[in-house]
2 protein chains.
Amino acid sequence: MAAADPLSRVFAALADPTRRDMVARLAVADATVGELAEPYDVSVQAVSKHLRVLEDAGLVSRSREAQRRPVHLEAEVFDLMTAWIERYRRQAEERYRRLDDVLASLPDDVPPTQEPLPGGGAP
Amino acid sequence: MAAADPLSRVFAALADPTRRDMVARLAVADATVGELAEPYDVSVQAVSKHLRVLEDAGLVSRSREAQRRPVHLEAEVFDLMTAWIERYRRQAEERYRRLDDVLASLPDDVPPTQEPLPGGGAP
DNA sequence: CCCGTTCTCAACCAGGTGGTTGACAAGATG
DNA sequence: CATCTTGTCAACCACCTGGTTGAGAACGGG
């Protein structure tokens with residue numbers, strides 16, 4: 001996704017298992033590109049590309065230290081996602097709560113069972 | 001992403017603005033495919049495809065009601081994401097906290113300033 | 001029973017994604 | 001200075017994605 005909006009970029013960045021694993025490891029400690037690439041059995045170039053995606057999403061920042069480029073996790077962007085998710089999760093839960101209320105109040109009202117007697121009178 | 005793992009599918013599903021908007025609207029009320037498609041200026045088929053992505057991610061379920069196929073939001077899958085996000089966000093915050101502690105305790109310990117007196121004795 | 005409505009399936013297309021290899025920039029170090 | 005280390009850039013490739021159109025399935029209503 002080369003989409004412009006930040007939320008799409010963050011979600012897309014985390015839709016890849018390798019990238020999620022990188023984030024998980026960066027939550028523990030900063031790391032260089034080589035260190036990050038070591039366990040994955042892909043080229044360093046591929047990892048560099050993944051890092052670019054994470055950087056474009058604002059999840060990661062890269063500084064400079066001699067030839068090395070230490071990668072650092074920027075955790076604030078998580079809040080963007082959390083806010084979005086929580087908003088609609090709560091809204092959906094609210095719906096369920098209201099539905100429960102309606103169902104609970106129903107037996108006091110008209111029961112939805114049909115009346116089998118066409119011209120029926122009480123005996 | 002045709003990836004097998006559920007987390008990737010959920011993230012990928014929400015990486016599209018149109019799909020996120022559908023989820024937002026479904027949080028308010030269930031809807032049919034036609035109702036969902038109406039505001040988007042794309043074909044109904046495209047919306048049907050989007051719904052399939054959301055369904056494969058477990059975010060949505062489709063039942064049957066005459067020709068109509070009402071779509072219902074399944075909010076539980078959000079928990080999967082929230083759990084993942086919160087885990088690494090907290091881990092990253094913990095790192096900052098520990099770093100702060102180290103920095104705070106530093107002045108009580110050996111100050112990192114060099115001693116300018118080589119064989120220096122007290123006067 | 002035929003018709004209209006609602007929706008999915010199939011084929012196709014432009015463009016993006018994750019991977020590769022090869023070349024090269026930036027720096028420490030012999 | 002020559003060289004090794006670390007990482008990026010560029011070109012290329014197979015595959016997935018989001019969109020289209022056309023055909024057809026499923027079902028209610030006249």
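Just so we're on the same page: letters track the sequence lines, and every chain starts at 1.
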Measure CG/B:Leu54 against C1'/D:dG18 and give the value in whole Å, please.
13 Å

Nearest whole angstrom, please: distance from the P of D:dT5 to the CD of A:Glu38.
17 Å

Could you tell me how far apart B:Tyr40 (OH) and D:dT20 (P) are, to the nearest whole angstrom?
14 Å

For B:Glu35, all residues meeting side chain to side chain donor-acceptor pair (under 3.5 Å), sequence neighbours excluded
none

Side chain to side chain donor-acceptor pair (under 3.5 Å) partners for A:Gln91, two or more places apart:
none

A:Arg64 has a side chain; which of D:dG18, C:dT20, C:dA26 sits nearest to it?
C:dA26

Please state how far atom CD in A:Glu55 lies from atom C1' in D:dT8, giving the value in whole angstrom units.
12 Å

Identify each atom pair where a protein N or O and an N or O of nucleotides 3-8 of chain C are less than 3.5 Å apart, giving names and distance.
| residue | atom | partner | partner atom | Å |
| --- | --- | --- | --- | --- |
| C:dC7 | OP1 | B:Val33 | N | 3.4 |
| C:dC7 | OP1 | B:Arg69 | N | 3.4 |
| C:dC7 | OP2 | B:Gly34 | N | 2.8 |
| C:dT8 | OP1 | B:Arg62 | NH1 | 2.6 |
| C:dT8 | OP2 | B:Ser48 | OG | 2.3 |
| C:dT8 | O5' | B:Ser48 | OG | 3.4 |

Pairing residues for A:Glu38 by the side chain to side chain donor-acceptor pair (under 3.5 Å) criterion, not counting sequence neighbours
none

Applying side chain to side chain donor-acceptor pair (under 3.5 Å), can you list everything that pairs with B:Ser61, at least two apart in sequence or on another chain?
B:Glu74

Set of salt bridge (Lys or Arg N to Asp or Glu O under 4.0 Å) partners for B:Arg62, sequence neighbours left out:
B:Glu55

Whole-Å distance between C:dA26 P and A:Glu65 CD?
18 Å

Quick one: A:Asp16 CG to D:dC15 P, roughly how many Å, whole number?
18 Å

Taking only Lys NZ, Arg NE, NH1 and NH2, and the carboxylate oxygens of Asp or Glu, determine whether B:Arg20 and A:Asp5 approach each other closer than 4.0 Å.
yes

Side-chain N or O of B:His50 less than 4.0 angstrom from OP1 or OP2 on D:dG19?
yes

What integer distance in Å separates A:Leu14:CG from C:dG18:P?
12 Å

